[in-house]
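All remarks here apply to the structure that follows.
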Amino acid sequence: MPSKSSARLAALTVAAACSAASTIVLTTPAHAESVRIHDIQGSTRTSPYAGKQVTDVAGIVTGVRTYGSSRGFWIQDPNPDADAATSEGVFVFTGSTPKGVAVGDSVTVSGTVTEFVPGGANSGNQSVTQITKPTTTVVSGGNALPAATAITSDSVPAAYAPAGDAAAGGSVNALPLQPGTYALDHYEALEGMTVRVTDTRVVGATDPYTELWVTVKPQENPSRHGGTVYGSYEDQNTGRLQIQSLGTPAAFPKANVGDTLAGSTAGPLDYNQFGGYTLVASELGTLQSAGLERETTRKQRSGELAVATYNVENLDPSDDTFAAHAAAIVNNLRSPDIVSLEEIQDNNGATNDGTVAADQTLKKLIDAIAAAGGPAYDWRAIDPADGTDGGEPGGNIRQAFLFNPERVSFADRAGGDATTATGVTKIRGKAHLTLSPGRVAPADAAWKNSRKPLAGEFVFRGRTVFVIANHFNSKGGDQGFTSQYQPPARSSETQRHQQATVVNAFVKDILDTQKNADVITLGDINDFEFSKTAQLLEGRGELWSAIKSLPRSERYSYVYQGNSQVLDQILVSPSIRRGCDLEYDSVHINAEFHDQISDHDPQILRFRP
């Protein structure tokens, strides 16, 4: 799938150009009116004054944003009303760097009230109430700031969001806010106000965009390393909150999961397209490290087969991460016998010139592994047809097998290519692939603009093991947890369900041919172990996701918006599961660290065939 960073860079590039198109005017009549901030915000998600002119809106400047496409300042009324559903803060959008205002100024603002949707109306995101085209008058300077509202474990409700209005397509926009009942309503009722969190644990490491995630509910589904585990669609972990800096990005702390922002972190509560409600900190707590260290799995024993899956995030020969990936495979994964790699790009990466071969990419990785003290791996892969498998344009990502020929052999059967499907045949009572390596049903519509599964037949100590490497359709296009539509739509699931059904049918063919065949299906499934995708892949017992053998506090391979979650899985056939000697490990070396070399943690399975 395209990396989060590349998708986000593209979004940031167009953000300024799209800002006007993403502003929704909900009412057409326009007239000047003198109102208070809480009147503008109202008790629903959209302002009753949207589209109207307002005059002399009074407030204290609490923050000034001088960077990005959404420049302006926040004002807050120091004399709040008694209604917890009406925010006392609002953002004044200036478009360019604000001039003539400073934090602590008492001002009056006249302008047009609008509802701005970060990411555009089609994103499904909630809107931010703003005053645009402002005329600002500074009444006085150096005023005391309104007291920050504390966001705490006790203040944030356990329920996440109300169900949307079916008559409005599932939107919650027009529903009265219930900040004491729903977490999203609680945050919305604070939009634009200065808020404060204290002594919060980091649950999402600092990313290149100087953001991190904390939780105000440290006991909410904690992972072993201090993250927050996402374990069901019904529990979105309401204590998560994104933190950005209102100051110099260079001063933003480089935090790992489990660290603490000690003391007070405070600033206006904003909403953006990359995570929803965000505390834009003018005051940052002090980073206290938890000393998180990268994990190392144990070495497989002589009679154990070790099979791993690792998404190396758009690896191509121009990258500088080969030595680091090699060290991870040799030292942290302890040189597995078979490694399924996802997101191997072609020999010139994102250069879109028709190149599809990836032999240079794989050779460079294999050489780096040998230099790190690992085995002399061999490899097998099938080049995709140019531009047909999704991912970064020009990159032609694909799955590939590395294997240690001193421990395992590969059963080569010629004929596999981008469009020819491998099948299953019976030879002397045993199942065999007709093509090895070969692709699973590459012409099926399930794989349109997506990676086709790679199947290979391996032999370990005389026992055949079928391995199917996958990289299912990404979650791109799904509505976020903080969407105005509740529950949010997960449109990307449709294709993953089709893909899971196709792969399960192929596994079933193998098991119908040889009931006790050892089959491993693995890779970046791009879905959770409890999802319908996983259920369809498991079928009626043909496969079982072995990550479910781990305690819930260790079931994750990826951290997204502060949720530690499963995307990468290794599924096994009944003969492997029944052996009762399998051992699974999610080796946490990337997802929880700010200096990650991939956004995925590798997974490894050891068993005795």
Side-chain angles (χ1 to χ4, degrees), residues 34-41 54 56-68 70-94 97-111 113 128-131 134-152 155-156 179 186-200 214 216 241-249 251-253 261-272 277-286:
S34 180
V35 294
R36 303 275 291 277
I37 293 174
H38 49 252
D39 297 321
I40 292 172
Q41 287 285 9
V54 291
D56 297 333
V57 180
I60 305 294
V61 177
T62 57
V64 180
R65 182 154 57 199
T66 60
Y67 61 90
S70 184
R71 302 184 190 191
F73 57 94
W74 287 269
I75 60 174
Q76 184 167 332
D77 194 328
N79 300 304
D81 65 6
D83 188 351
T86 57
S87 171
E88 300 294 339
V90 70
F91 185 68
V92 180
F93 175 72
T94 58
T97 300
K99 294 183 175 69
V101 296
V103 172
D105 284 351
S106 174
V107 299
T108 60
V109 178
S110 300
V113 177
V128 179
T129 303
Q130 301 180 343
I131 300 176
T135 300
T136 304
T137 301
V138 177
V139 178
S140 63
N143 295 279
L145 300 183
T149 300
I151 298 178
T152 67
S155 73
V156 180
H186 176 77
Y187 292 125
E188 174 62 24
L190 297 172
E191 179 196 280
M193 294 177 61
T194 298
V195 298
R196 183 184 307 280
V197 296
T198 304
D199 295 334
T200 49
V214 299
V216 298
L241 186 64
Q242 186 173 225
I243 308 290
Q244 291 180 335
S245 176
L246 191 55
T248 305
F252 200 72
L261 280 184
S264 175
T265 297
L269 188 66
D270 196 18
Y271 181 99
N272 69 51
Y277 294 101
T278 301
L279 194 166
V280 187
S282 55
E283 174 189 349
L284 270 168
T286 302

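Sequence positions, counted from 1, serve as the residue numbers for this chain. The basis for the numbers below is simple: all heavy atoms, side chains too, and nothing from hydrogens, waters or symmetry mates.
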Can you list the residues that meet the side-chain contact (heavy atoms from CB on, under 4.5 Å) rule with [X], with sequence neighbours excluded?
{"X": "S87", "answer": "Q41, M193"}
{"X": "T62", "answer": "W74, Q76, P146, T194, P268"}
{"X": "T135", "answer": "none"}

To the nearest 0.5 Å, how far apart are [atom1] in [X] and [atom2] in [Y]?
{"X": "H186", "Y": "T149", "atom1": "NE2", "atom2": "OG1", "value": "8.5 Å"}
{"X": "I75", "Y": "I60", "atom1": "CD1", "atom2": "CD1", "value": "9.5 Å"}
{"X": "T200", "Y": "L261", "atom1": "OG1", "atom2": "CG", "value": "4.5 Å"}
{"X": "I131", "Y": "T94", "atom1": "CD1", "atom2": "OG1", "value": "12.5 Å"}

Taking all non-hydrogen atoms of both residues, which atom of [X] and which atom of [Y] are closest, and how far apart?
{"X": "P179", "Y": "A84", "answer": "CG-O, 3.8 Å"}
{"X": "P80", "Y": "P78", "answer": "CD-O, 3.2 Å"}
{"X": "T265", "Y": "G285", "answer": "OG1-N, 2.9 Å"}

Hey, is the main chain of [Y] close enough, under 3.5 Å, to the side chain of [X] for a donor-acceptor pair?
{"X": "D199", "Y": "G263", "result": "yes"}
{"X": "S155", "Y": "T152", "result": "yes"}
{"X": "E191", "Y": "T129", "result": "yes"}

Yes or no on side-chain contact (heavy atoms from CB on, under 4.5 Å) for V156 and I151, after CA distance, side-chain angles and deciding distance?
-> CA-CA 7 Å; V156 180; I151 298 178; 3.6 Å; yes

What residues, two or more places apart in sequence or in another chain, satisfy ring-ring contact (aromatic ring centres under 6.0 Å, His included) together with F73?
-> none

Under the ring-ring contact (aromatic ring centres under 6.0 Å, His included) test, residues paired with Y277 that sit two or more places apart |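 So Y277 forms a ring-ring contact (aromatic ring centres under 6.0 Å, His included) with Y187, Y271.
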
Using a 4.5 Å cut-off on heavy atoms from C-beta on, say whether the side chain of [Y] contacts that of [X].
{"X": "L269", "Y": "T278", "answer": "no"}
{"X": "L284", "Y": "I243", "answer": "yes"}
{"X": "P134", "Y": "F93", "answer": "no"}
{"X": "V197", "Y": "V195", "answer": "no"}

Only counting residues at least two apart or in another chain, list the ones meeting side chain to side chain donor-acceptor pair (under 3.5 Å) with [X].
{"X": "T97", "value": "R71"}
{"X": "E88", "value": "H38"}
{"X": "N143", "value": "S140"}
{"X": "S264", "value": "R196, E283"}

Residue that, paired with D270, satisfies side chain to side chain donor-acceptor pair (under 3.5 Å) out of Q242, R65, Q244 | R65

Test side-chain contact (heavy atoms from CB on, under 4.5 Å) applied to I37 and D77, V54, T86, the passing residue | D77

Return a table of donor-acceptor pairs under 3.5 angstrom between the side chains of residues 102-111 and protein atoms on other chains or two or more places apart.
from	atom 1	to	atom 2	distance (Å)
D105	OD2	A102	N	2.8
S110	OG	D56	N	3.0

